[in-house]
> 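Right, I'll just put the structure down here and ask away after.
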Protein chains: 2
Amino acid sequence: MLVALRAGGLKLTPQRLAILRELADDPTHPTATELFSRLRAELPSMSFATVYNTLSALTEQGLCVARALEPGAVRFDPNVEPHDHAVCDSCGLVVDIAGRVRGGSPRTAEPVAGFAVRSVERVYRGWCADCSSRLERPTGAKQATGE
Amino acid sequence: MLVALRAGGLKLTPQRLAILRELADDPTHPTATELFSRLRAELPSMSFATVYNTLSALTEQGLCVARALEPGAVRFDPNVEPHDHAVCDSCGLVVDIAGRVRGGSPRTAEPVAGFAVRSVERVYRGWCADCSSRLERPTGAKQATGE
DNA sequence: ATGAGTGCAAATGCTTTGCATCCTG
DNA sequence: CAGGATGCAAAGCATTTGCACTCAT
């Protein structure tokens with residue numbers, strides 16, 4: 001991954017290394033704000049601008065992807081391959097379903113006339129394990145719309 | 001739908017009726033800002049606050065859903081049933097795949113241990129018909145990550 | 001050394017909120 | 001006519017940008 005960084009002509013700064021590590025270690029895909037607060041202890045002088053600059057540089061190099069799974073802040077995913085996610089209605093937790101093997105149905109079929117499909121991803125919504133066990137009807141949950 | 005509005009204890013104001021109509025007529029799920037600018041001619045005095053107040057009131061009544069399909073503004077969908085969407089990488093167009101019939105595979109299977117699934121939705125990403133025909137590699141498109 | 005990268009602060013864009021006024025039911 | 005809804009303005013977050021300074025190469 002560091003190789004990829006240099007290959008893109010990017011310099012290896014402590015800020016970038018820390019962000020990269022934090023991203024790689026976290027399957028919940030942290031937001032820019034989350035990264036900033038987590039790294040404040042380690043890099044007290046780092047600014048938001050650096051976090052955003054780094055994340056957009058990484059995104060441009062194809063080393064991570066910005067994902068809009070919920071209204072509000074964007075989450076950054078070091079796994080650039082299309083894959084599925086589960087999102088908790090109650091606490092907002094994002095769970096990566098990267099490892100899941102799916103049936104080999106043709107995924108290049110056009111969902112609508114003329115639309116050239118590049119990727120398909122699923123979003124599972126519901127309650128995470130913690131929220132499921134903690135409450136029958138988790139705080140702040142939208143009323144289930146069923147399916 | 002008006003019935004549903006009243007059932008929720010909401011008053012029928014011209015602003016709400018206009019927003020509701022605009023929402024219903026538009027399969028691309030407009031953002032709050034888009035609704036505001038479209039209705040400016042019809043309701044010159046309407047404010048952003050009213051658009052947002054109305055949209056959150058509708059959301060609370062289960063008459064629409066806020067969808068985060070792309071970073072930036074949230075889109076509002078009058079179809080509260082889980083369904084699929086296609087999003088253009090180039091121009092950001094959202095296409096509703098509401099009518100698509102899918103195979104009846106068990107969709108309540110847990111994507112990850114302990115996660116209680118409420119709904120599953122797919123997001124197709126690629127190029128819309130317009131962008132596909134206009135360019136070989138549409139302006140502003142992220143490099144295809146393939147699948 | 002030299003230009004990319006950082007830090008700071010101001011700016012932007014989307015959304016929310018407080019409050020006085022207005023209008024639907 | 002009463003309470004909910006609107007309009008206006010200010011405030012709140014997430015994110016972007018400009019610019020002088022610093023540091024990785």
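Since we're looking at a predicted model, the values are computed, not measured. Just so it is clear: chains get the letters A, B, ... in the order the sequence lines come, proteins before strands, and each one is counted from 1.
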> Would you please confirm or rule out a distance under 4.0 Å between OP1 or OP2 of C:dG7 and any side-chain N or O of A:Gln15?
yes
> Identify, with sequence neighbours excluded, every residue that meets salt bridge (charged side-chain N to carboxylate O under 4.0 Å, His left out) alongside B:Arg75.
B:Glu34
> Given atom CG of A:Leu39 and atom P of C:dT6, what is their separation to the nearest angstrom?
12 Å
> Sequence neighbours excluded, which residues qualify as side-chain hydrogen bond (donor to acceptor under 3.5 Å, both in side chains) partners of A:Thr28?
A:Asp26
> Could you tell me the separation between the CD1 atom of B:Ile19 and the C1' atom of D:dT6, rounded to a whole number of Å?
11 Å
> Is the shortest side-chain heavy-atom distance between A:Leu17 and A:Pro14 below 4.5 Å?
no
> Have a look at A:His85 and tell me which of A:Arg122, A:His29, A:Glu121 forms a side-chain hydrogen bond (donor to acceptor under 3.5 Å, both in side chains) with it.
A:His29
> Which residues pass the side-chain contact (heavy atoms from CB on, under 4.5 Å) test with B:Val51, not counting sequence neighbours?
B:Ile19, B:Ala32, B:Leu35, B:Phe36, B:Met46, B:Leu55
> Going 5' to 3' through nucleotides 9-25 of chain C, assign each nucleotide B (protein heavy atom under 4.0 Å from a base atom), S (under 4.0 Å only from sugar-phosphate atoms) or - (no protein heavy atom that close).
B----SBBB------BS
> D:dG7, OP1 or OP2 - any side-chain N/O from B:Ser45 closer than 4.0 Å?
yes
> Nearest whole angstrom, please: distance from the P of D:dA14 to the CG of A:Leu55.
14 Å
> What is the distance, rounded to the nearest whole Å, between atom CD of B:Gln61 and atom P of D:dG4?
13 Å
> side-chain contact (heavy atoms from CB on, under 4.5 Å) with B:Gln61: which residues, sequence neighbours excluded?
B:Leu10, B:Leu63
> Taking side-chain contact (heavy atoms from CB on, under 4.5 Å) as the test, write out the residues that go with B:Asn79, two or more places apart.
B:Asp77, B:Glu81, B:His83, B:Ala98
> In this structure, how many angstroms lie between the P atom of D:dT6 and the CZ atom of B:Phe36, rounded?
14 Å
> Just how large is the angle between the end axes of the helix from C:dA1-D:dT25 to C:dG25-D:dC1, five pairs per end, to 10 degrees?
40°
> Would you please name every residue forming a side-chain contact (heavy atoms from CB on, under 4.5 Å) with B:Ala129, sequence neighbours left out?
none
> Can you tell me the distance, in whole Å, between the CE atom of A:Met46 and the P atom of C:dG7?
7 Å
> Please list, chain by chain and in numerical order, all residues satisfying salt bridge (charged side-chain N to carboxylate O under 4.0 Å, His left out) with B:Glu42, sequence neighbours excluded.
B:Arg21
